[in-house]
Amino acid sequence: MDHQFVGIPELTDVPRVAVVVDVMRAFTVAAWAFSRGAERIVLAPTEREALELKEGGGDWLALKDGAPAPGFDAVNSPALLRSADFGGRTLVQKTTAGTVGALAVADAPLVLCASFAVAGPTARYLRSRAAGPVTFVVTGEDGRAEDLACAEYIARGVDGDGADPAPYVHRARTSRAAGELRDGLRAGSHPDDVALCLEVDRFPFAMVARQEGPLTVLRTVPVPAAGAD
């Protein structure tokens, strides 16, 4: 199938089906937040708007990438979220790449956000919808290697190929972004972040972004395991 793989600056038209990939770390973090009980994730275009949304939401929480900052309840680190309790809460997420990419295609009829953590379910969801060619938005800032690897792996799954994830994970493991995380060069990170970002199919759901009023909201969609009836 003739899928497209584009960076955020290369988006010119609204795609029919978009998968926005951010492995390290926005959409690995989102998957972990859902696994810790979050009900929905609101994607914010700026830190200021994230804090305004949090304030207007009442009991909402806000997270961002980079170092901790006043008003934000968490940082963009899967390892630092893995023991959190977000039961029933709404999170507002603002990151440099992932949320920017998702908002750039928010008007598309079908938008999914993905990482290795939900790669298989994302591919099966698209296949079940007979979604056709997909535009993969690879978001990494000068570090597209890990996102492109994940996108290509998901694309193989959409096409029904039983691809071995190992070569794709290796590309991500040896990427610039992974090296910076391992070396502690990114603020708001944890030594376990790389390993968590490279776990394939950790969670049994896809993450679909839809417009809910003026907001772009990410929610989970359960996806049956491969071979399940």
Side-chain angles (χ1 to χ4, degrees), residues 7-8 20-55 57 59-87 89-104 113-118 137-150 169 172-199 202-203 207 209 216-218:
I8 297 171
V20 187
V21 182
D22 191 328
V23 172
M24 296 181 186
R25 293 162 281 167
F27 298 137
T28 303
V29 164
W32 271 95
F34 283 125
S35 80
R36 302 307 302 166
E39 179 181 348
R40 63 178 187 162
I41 296 175
V42 177
L43 304 179
T46 67
E47 291 185 12
R48 178 178 177 179
E49 289 176 77
L51 293 178
E52 290 174 351
L53 287 166
K54 174 192 170 180
E55 182 177 356
D59 66 345
W60 292 9
L61 302 172
L63 68 88
K64 63 180 284 292
D65 54 8
F72 286 90
D73 305 281
V75 293
N76 197 45
S77 163
L80 294 174
L81 294 188
R82 59 186 163 183
S83 60
D85 181 3
F86 295 135
R89 305 292 289 274
T90 293
L91 303 185
V92 182
Q93 185 181 32
K94 165 64 180 85
T95 70
T96 305
T99 61
V100 173
L103 291 170
C113 297
S115 61
F116 280 114
V118 293
V137 183
V138 289
T139 62
E141 181 182 14
D142 293 330
R144 289 175 52 181
E146 70 282 355
D147 296 329
L148 184 58
C150 183
V169 171
R173 182 180 293 111
T174 56
S175 69
R176 173 180 172 181
E180 290 179 351
L181 282 174
R182 275 192 297 268
D183 293 341
L185 300 180
R186 296 196 176 190
S189 63
H190 184 281
D192 292 343
D193 280 347
V194 172
L196 294 180
C197 289
L198 298 179
E199 288 186 329
R202 174 70 187 247
F203 304 112
M207 301 186 295
T216 302
V217 178
L218 194 61

Q: Rounded at 0.5 Å granularity, tell me how far CG in Leu198 sits from CG in Asp193.
A: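 If I round to the nearest 0.5 Å, the distance is 10.5 Å.
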Q: Please examine the side chains of Cys197 and Ser115, heavy atoms only from C-beta on, and report whether any two atoms are closer than 4.5 Å.
A: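 No, side chains not in contact.
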Q: State the CZ-CH2 distance between Arg202 and Trp32, to the nearest 0.5 angstrom.
A: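 It comes to 3.5 Å.
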Q: Determine whether more than 12 heavy atoms belonging to other residues, nucleotides or ligands lie under 6.0 Å from atom CD of Glu49.
A: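 Buried by this count: over 12 neighbours within 6.0 Å.
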Q: Would you find a donor on one side and an acceptor on the other, under 3.5 Å apart, between the side chain of Thr90 and the backbone of Arg40?
A: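 A pair under 3.5 Å: no.
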Q: Report the distance from atom CG of Leu103 to atom OG1 of Thr216, rounding to the nearest 0.5 Å.
A: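 If I round to the nearest 0.5 Å, the distance is 5.0 Å.
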Q: Quick check against the 3.5 Å criterion: does Gln93 have a side-chain atom that pairs as donor or acceptor with the backbone of Thr99?
A: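 Checked: no pair found.
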Q: Measure across Gly101 and Val20 and return the closest heavy-atom pair with its distance rounded to 0.1 Å.
A: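 Scanning both residues completely, I find the closest heavy atoms to be C-CG1, 3.8 Å.
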Q: State, to 0.1 Å, how close Ile8 and Ala97 come at their nearest heavy-atom pair, and which atoms those are.
A: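 Closest approach of Ile8 to Ala97, heavy atoms only: CD1-O, 3.6 Å.
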Q: Is a donor on one side and an acceptor on the other found under 3.5 Å between the side chain of Arg89 and the backbone of Asp59?
A: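 Yes, Arg89 side chain to Asp59 backbone: donor-acceptor pair under 3.5 Å.
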Q: Are Glu180 and Met24 side-chain neighbours, meaning at least one heavy-atom pair lies under 4.5 Å?
A: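 No. Closest side-chain heavy atoms not under 4.5 Å.
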Q: Quick check on side chain to side chain contact (heavy atoms under 4.5 Å, CB included): which of Val138, Val23, Val169, Thr174 does Glu146 satisfy it with?
A: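 Going through the options one by one, the only one that passes is Val23.
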Q: Are Glu47 and Phe72 side-chain neighbours, meaning at least one heavy-atom pair lies under 4.5 Å?
A: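 With C-beta onward as the side chain, the pair touches.
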Q: Could you state the interatomic distance from CD (Glu199) to OG1 (Thr28), rounded to the nearest 0.5 Å?
A: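 Rounded to the nearest 0.5 Å, the CD-OG1 separation comes to 9.5 Å.
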Q: State the CG-CG distance between Asn76 and Asp22, to the nearest 0.5 angstrom.
A: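 Between atom CG of Asn76 and atom CG of Asp22 there are 7.5 Å.
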Q: Under 6.0 Å from the CG atom of Asp85, do we count more than 12 heavy atoms belonging to anything else shown?
A: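 12 or below, so no.
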Q: For a quick test of reading the model, state the closest non-hydrogen atom pair linking Lys94 to Ala50 and the distance between them.
A: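 Answer, listing the atom of Lys94 first, then Ala50: CB-CB, 4.2 Å.
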Q: Evaluate whether atom CZ of Arg48 has more than 12 neighbouring non-hydrogen atoms of other residues, nucleotides or ligands under 6.0 angstrom away.
A: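 Incorrect, the count does not exceed 12.
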Q: Quick check: do Arg25 and Ser189 have side-chain heavy atoms less than 4.5 Å from each other?
A: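 A side-chain contact exists here, since the closest heavy-atom pair is under 4.5 Å.
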Q: Can you give me the closest heavy-atom contact between Leu81 and Ala74, atom names plus distance?
A: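 That closest heavy-atom pairing would be CD2-CB, 3.8 Å.
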Q: Do you know the tightest heavy-atom contact between Val92 and Ala44?
A: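 That closest heavy-atom pairing would be CG1-CB, 3.8 Å.
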Q: Any side-chain heavy atom of Met207 sitting closer than 4.5 Å to one from Ile41?
A: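 With C-beta onward as the side chain, the pair stays apart.
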Q: Would you say the side chain of Thr139 lies within less than 4.5 Å of the side chain of Phe27, judging by non-hydrogen atoms?
A: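 No. Closest side-chain heavy atoms not under 4.5 Å.
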Q: Where is the tightest heavy-atom contact between Ala62 and Lys54, given as atom of each residue plus distance?
A: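 Minimum heavy-atom separation between Ala62 and Lys54: CB-CD, 3.9 Å.
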Q: Side chains of Leu196 and His190, heavy atoms from C-beta outward: is any pair under 4.5 Å?
A: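 Answer no - side chains too far apart.
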Q: With side chain to side chain contact (heavy atoms under 4.5 Å, CB included) as the criterion, how do Thr95 and Val100 come out once you've worked through the C-alpha distance, each side chain's angles and the decisive distance to 0.1 Å?
A: CA-CA 7 Å; Thr95 70; Val100 173; 6.0 Å; no
Q: To the nearest 0.5 Å, what is the distance between CG on Leu91 and CG on Leu53?
A: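 Here the rounded value is 12.5 Å.
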Q: Arg173 side chain to Val194 main-chain N or O, any donor-acceptor pair under 3.5 Å?
A: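 Judged by distance alone, no pair lies under 3.5 Å.
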